[in-house]
Amino acid sequence: MTPAVTVTRSHDIVRLDAGAGETRTRLAMTAASDEPGTWRLSSTGAARTAEEPGRRARAVHRALRDRAAPALGEDGLLVETGRVTTDVTCDGSRVALSTRTYLLVRDRDRVLHLKDGTGPPRSLPWAAAAAPGDIRPGDPVVLGPAALLALTAAAQEEDGTAGGPGSGCSSPYPPHDFPLRGLVTATGRRHADLCRACELLAEPDRWLVPHGTFGTGTRPPATPGGHFPRTAFPGRALLLDSLTPCGRSADGRPDWLAAYCLVDGGEEARGSGLLRVRGAPAALLREAGAACSPARPALARDPIGRESYAQAPCVTTALTAGRLIVPAHP
């Protein structure tokens, strides 16, 4: 008997990372359902195409690396290019077929470029490099999108709301995106049935995890960006690009390692190394003021280390660098 609904999700992805080198993922997973809500999975290798995505990724990586060398120092960019195809049949007839190509450029957890197609960014944000000694104690602190997402995920984990109903938002990253729009009409199935297929197919590194282990699917943490008032970006600020938890101090407050940039008069200098900062996530979020940039894609890491992507703005705070940064030699 032919399954009533079959969804095949194919990924052909090449990633270049300074630390891990070049890796390629060519996978296809098929979810088939002959009863609403009941899905069976099978996997194959994705079909080969005449295109060689690695060649494009290497060219973009080389061009951007040369352009950003003064600011990057010994660090490198992550460049990923890929093609994601979703093929849906219902009662033996194809009802939907979509293909997306995309290019991702990331510096640590900060997403510099994530767009459909393979056109690279025209420029990178940094004019130079900044050392910790260039930061002034009175510099106002701005939370970048990835830092805001990290604090939100950690606060949700602490207060027990992580993974609650409606706590997630859609991902802008094509391998995590499942095109539910239109499929309900095309297949005649309920939205809830197709959501189960979405959870199974959208994120390749979860394919070997028993279905239902994670109730939140691939949704990143919710951000409170919708209710932030708007303001201009400060003339000078310490911009925290990301926050990674790294233990607790003697008083019990969490410590974080922060990638950073120093923004002064519209020019941005990329921080060399990482800063150690301190503060409970909920307390730091209470210091947030207003959104000072449009929402943009960012990597979101939750407290147990799974990656997702979401949209979030830069947000001003009432904090200053001197209050937040832990001295190197207290």
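Note that these values count all heavy atoms, side chains included, but never hydrogens, waters or copies made by symmetry. This is a predicted model, so every value here is computed, not measured.
The heavy-atom pair separating Val326 from Val277 by the smallest distance is CG2-C, 3.9 Å. The two atoms that bring Val111 and Ala298 nearest to each other are CG2-CA, 3.7 Å, heavy atoms only. The shortest non-hydrogen separation linking Gln311 to Pro172 is NE2-CB, 3.6 Å. The two residues Thr38 and Ser33 have their closest heavy-atom pair at O-OG, 2.8 Å. Listed here is the closest heavy atom pair of Gly289 and Val315: N-CG1, 3.9 Å. Taking both residues in full, the closest heavy atoms of Pro281 and Ala155 are given as CB-N, 3.8 Å, listed atom of the first, atom of the second, then distance.
For Asp193, the salt bridge (charged side-chain N to carboxylate O under 4.0 Å, His left out) partners two or more places apart in sequence, or in a different chain, are Arg190, Arg196. Listed by chain and number, the residues in a side-chain hydrogen bond (donor to acceptor under 3.5 Å, both in side chains) with Thr99 are Thr85 (sequence neighbours excluded). Partners of Arg276 under the side-chain hydrogen bond (donor to acceptor under 3.5 Å, both in side chains) rule, at least two apart in sequence or in another chain, are Asp255. Considering only residues two or more places apart in sequence or on other chains, Ser98 meets the side-chain hydrogen bond (donor to acceptor under 3.5 Å, both in side chains) condition with none of them. Contacts of Arg296 classified as side-chain hydrogen bond (donor to acceptor under 3.5 Å, both in side chains), with partners at least two apart in sequence or in another chain: none.
Between the Arg15 side chain and the Arg24 main chain, no donor and acceptor come within less than 3.5 Å of each other. Checked by atom type and distance alone, the side chain of Thr316 pairs as donor or acceptor with a backbone atom of Ala290 at under 3.5 Å. When atom types are taken as modelled, the side chain of Thr30 and the backbone of Thr8 share no donor-acceptor pair closer than 3.5 angstrom. Put simply, the side chain of Ser10 never gets that close to the backbone of Ala28: no donor and acceptor are under 3.5 Å apart. Not one N or O on the side chain of His11 forms a donor-acceptor pair closer than 3.5 Å with the backbone of Thr25.
Legend: salt bridge (charged side-chain N to carboxylate O under 4.0 Å, His left out) pairs involving residues 310-325, not counting sequence neighbours, sorted by first then second residue: Glu287-Arg323. Sorted by first then second residue, the salt bridge (charged side-chain N to carboxylate O under 4.0 Å, His left out) pairs that include residues 123-134, not counting sequence neighbours, number zero. Screening residues 97-107 for salt bridge (charged side-chain N to carboxylate O under 4.0 Å, His left out) gives Arg100-Asp116, Arg100-Asp177, Asp107-Arg270 as the qualifying pairs, with residues at least two apart or on separate chains. Within the structure, the ring pair (Phe, Tyr, Trp, His ring centres under 6.0 Å) test picks out the following pairs touching residues 100-124 (sequence neighbours left out): Tyr102-Tyr173.
Atoms CZ and OG1, from Arg83 and Thr101 in turn, are 6.0 Å apart once rounded to the nearest 0.5 Å. Annotation: the span from Leu274 atom CG to Leu257 atom CG amounts to 5.5 Å, rounded to 0.5 Å. Thr244 OG1 to Asp109 CG: the interatomic distance, rounded to the nearest 0.5 Å, is 5.5 Å. For the atom pair Arg110 CZ and Ser242 OG, the distance stands at 10.5 Å (nearest 0.5 Å). Considering CZ of Phe228 and SG of Cys292, their distance stands at 10.0 Å, rounded to 0.5 Å. In this structure, Asp17 CG and Leu77 CG are separated by 9.5 Å, a value rounded to the nearest 0.5 Å.
The local environment of CD in Glu22 is crowded, with over 12 non-hydrogen atoms from other residues, nucleotides or ligands closer than 6.0 Å. The environment of Arg236 atom CZ is dense: over 12 non-hydrogen atoms of other residues, nucleotides or ligands sit within 6.0 angstrom.
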- How far apart are the C-alpha atoms of Arg94 and Asp87, what are their side-chain angles, what is the distance that settles it, and do they pass the salt bridge (charged side-chain N to carboxylate O under 4.0 Å, His left out) test? CA-CA 7 Å; Arg94 175 178 284 163; Asp87 191 357; 2.9 Å; yes
- Task: Verify side chain to side chain contact (heavy atoms under 4.5 Å, CB included) between Trp256 and Arg278, making sure each step is shown before the conclusion.
- Result: CA-CA 6 Å; Trp256 309 79; Arg278 181 168 295 160; 5.8 Å; no
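Counting heavy atoms from C-beta outward, Leu275 and Tyr260 have side chains that approach closer than 4.5 Å. Leu143 is listed as a side-chain neighbour of Thr317, based on a closest heavy-atom distance under 4.5 Å. Put simply, the side chain of Thr89 does not reach to within 4.5 Å of the side chain of Val5, judged on heavy atoms. At least one side-chain heavy atom of Leu114 sits less than 4.5 Å from a side-chain heavy atom of Pro174. Using a 4.5 Å cut-off on side-chain heavy atoms (C-beta onward), Arg65 and Leu72 make contact. Residues Val105 and Leu64 meet the side-chain proximity criterion, which asks for heavy atoms closer than 4.5 Å. A heavy-atom distance below 4.5 Å is not found between the side chains of Pro120 and His61. Two residues are said to be in side-chain contact when any heavy atoms from C-beta on lie closer than 4.5 Å; Thr81 and Leu104 fail this criterion.
Residue Val88 is not grouped with residue Leu97 when hydrophobic side chains (ILVMFWY) are merged at heavy-atom distances under 4.5 angstrom, including chains of intermediate members.
Other members of the hydrophobic cluster containing Val14, listed by chain and number, are Leu16; membership follows side-chain contacts under 4.5 Å among ILVMFWY residues, whether direct or relayed. Under a 4.5 Å side-chain heavy-atom cut-off, the cluster of Ile, Leu, Val, Met, Phe, Trp and Tyr residues that includes Val142 is completed by Phe233, Leu239, Val263.
Here the rule is side-chain contact (heavy atoms from CB on, under 4.5 Å) with Leu324, and of Leu284, Leu238, Asp139 only Leu284 fits it.
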Residues 122-130 side chain polar contacts: donor-acceptor under 3.5 Å, at least two apart:
none

